[in-house]
Colleague: 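The structure's right below; bear with me while I get my questions together.
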There are 2 protein chains.
Amino acid sequence: MEEYTHVFKTLSDPTRLRIFRLLLDAGKELCVCELVDSLEEPQYNVSKHVTAMRAAGLLKSRKEGRWVYYSPRVADGEFLELLSLAVAAIPERHVKHDRAKLRKRLKLREGGKCLTGVRKEHLLGKVSS
Amino acid sequence: MEEYTHVFKTLSDPTRLRIFRLLLDAGKELCVCELVDSLEEPQYNVSKHVTAMRAAGLLKSRKEGRWVYYSPRVADGEFLELLSLAVAAIPERHVKHDRAKLRKRLKLREGGKCLTGVRKEHLLGKVSS
DNA sequence: TGCTTAGTTGCGCATAGACGCATATATAAT
DNA sequence: ATTATATATGCGTCTATGCGCAACTAAGCA
């Protein structure tokens, strides 16, 4: 069962759960700096968390230049699929703030690609939605 | 999100995950001693774990005489429902042993009720199925 | 009124994990 | 080459948690 308890342990941290939900909602791969600006958590923490999530089989990563894009790895078997549905069913009010931050941050993309690093919240402006 | 991370943390322990799955599969409430004999874990540990799971909203309990029966509390919202489906989707081979033990143990019931405490595995015989 | 039994709980220990800080790696730009 | 930037990682610390043991509660029975 350790394979499965490991997945649950990975989702038992607030930052990691927020990351997973944000990636599920985004519908596209996100790079670390976009996650940092959306969650307003330190870069080294986000990096550690996504690394752990990848090890647990929850995320996959793709490197492009200096950037590393992460996305949910919902492939093998019903378990992960149903688990993702459960996470996606967490009521919206819990993820509203992160999603609004992400929306603003994604406007900095050009040609669908991330071209800048962490821009901190004061450069992104307050969340209005 | 703490409400949800708490649920994941609760399922991140092997014994607790086994308890949850066993209760989902059983389709009926089980008392602590039946869980102890099925899982072959110390009674005080099982007791602590089900208490934690109840606090996390995963189980409900019902006291009848000296016995306390536990069952999944899959009531409010899609989240728990989908999460239960995910746990139920964990491949059978991981839960086979526990289920076989439970089958044997349930034979000690009379009139659908548990009438004895922990009976240890040597009184239950080896799992044949 | 005790005794037995099913279950719970408090304590101490040992381990695991999350954070902050500093530093390292790797790729690109000048 | 050197510098800047995106991401990763090693280390020390602090907290959380699972376990074993022992004591406790509560319900039934002699």
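Letters go in sequence order (proteins before strands), and every chain restarts at 1. All values derive from a computational prediction rather than experimental measurement.
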Colleague: Rounded at 0.5 Å granularity, tell me how far CG in A:L30 sits from CG in A:L102.
Modeller: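 Result: 5.5 Å between the selected atoms.
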Colleague: Quick one: ring pair (Phe, Tyr, Trp, His ring centres under 6.0 Å) partners of A:H94, sequence neighbours excluded?
Modeller: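 A:H94 satisfies ring pair (Phe, Tyr, Trp, His ring centres under 6.0 Å) with B:Y4 once adjacent residues are dropped.
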Colleague: Would the distance check show the side chain of A:S47 and the main-chain N or O of A:Q43 forming a donor-acceptor pair, the cut-off being under 3.5 Å?
Modeller: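 Such a contact is absent between A:S47 side chain and A:Q43 backbone.
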Colleague: If you compare every side-chain N and O of B:S47 against the phosphate oxygens of C:dG7 (OP1, OP2), does one of them come in below 4.0 Å?
Modeller: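 No, outside the criterion.
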Colleague: Look only at the side chain of B:R21 and the backbone of B:V87, and say whether a donor-acceptor pair between them is shorter than 3.5 Å.
Modeller: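 The answer is yes, because a donor-acceptor pair under 3.5 Å joins these two groups.
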Colleague: Which distance, rounded to the nearest 0.5 Å, do you find between the CG of A:L39 and the OG1 of A:T15?
Modeller: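 Here the interatomic distance stands at 7.0 Å.
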Colleague: Applying salt bridge (charged side-chain N to carboxylate O under 4.0 Å, His left out) between B:D25 and each of B:R99, B:R18, B:K96, B:R103, report the one that passes.
Modeller: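 Answer to the salt bridge (charged side-chain N to carboxylate O under 4.0 Å, His left out) test with B:D25 among B:R99, B:R18, B:K96, B:R103: B:R99.
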Colleague: When all nucleic acid strands are considered with a 4.0 Å heavy-atom cut-off, which category describes A:Y69: base, sugar-phosphate, or nothing?
Modeller: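 Nothing, no nucleic acid heavy atom in range.
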Colleague: Anything under 4.0 Å to a heavy atom of chain B counts; send over the first and last such nucleotide of DNA chain D, read 5' to 3'.
Modeller: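 That gives a stretch of D:dT17 to D:dG28.
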Colleague: Can you list, by residue number, the residues of residues 17-33 of chain A that have a non-hydrogen atom closer than 4.0 angstrom to DNA chain D?
Modeller: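 Under 4.0 Å from DNA chain D: A:C31, A:V32, A:C33.
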Colleague: With sequence neighbours left out, write down each residue that passes side chain to side chain contact (heavy atoms under 4.5 Å, CB included) with B:K63, or none if nothing qualifies.
Modeller: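 Applying side chain to side chain contact (heavy atoms under 4.5 Å, CB included) to B:K63 gives B:V68.
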Colleague: For A:Q43 and C:dG20, what is the distance between atoms CD and C1' respectively, to the nearest whole Å?
Modeller: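 Taking CD of A:Q43 and C1' of C:dG20, I get 13 Å after rounding.
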Colleague: Can you check whether B:D37's main-chain N or O pairs, donor with acceptor, with B:E40's side chain at less than 3.5 Å?
Modeller: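 No; zero donor-acceptor contacts below 3.5 Å.
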Colleague: Is any side-chain N of the basic residue among A:K60 and A:E29 closer than 4.0 Å to the acidic one's carboxylate O?
Modeller: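 No.
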Colleague: Is the backbone of A:L11 close enough, under 3.5 Å, to the side chain of A:R16 for a donor and an acceptor to pair up by distance?
Modeller: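 No; zero donor-acceptor contacts below 3.5 Å.
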Colleague: Could you run through nucleotides 11-19 of chain C and give me one letter per nucleotide, 5' to 3': B if any protein heavy atom sits under 4.0 Å from the base, S if only the sugar-phosphate is that close, - if neither?
Modeller: B-----SSS
Colleague: Can you tell me how far apart CD (A:E78) and OG (A:S84) are? Round to the nearest 0.5 Å.
Modeller: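 Spacing of CD (A:E78) from OG (A:S84) equals 13.0 Å.
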Colleague: Reading nucleotides 24-29 of chain C from the 5' end, what letters show protein touch, with B for base, S for backbone sugar-phosphate only, - for no heavy atom under 4.0 Å?
Modeller: --SBS-
Colleague: Between the side chain of B:R73 and the main-chain N/O of B:L58, is any donor-acceptor distance below 3.5 Å?
Modeller: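 Flag not set: sc B:R73 to bb B:L58 has no pair under 3.5 Å.
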Colleague: Taking the ring centre of each residue, are B:F8 and B:F79 less than 6.0 Å apart?
Modeller: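 Between B:F79 and B:F8, which both carry aromatic rings, the centre distance is below 6.0 Å.
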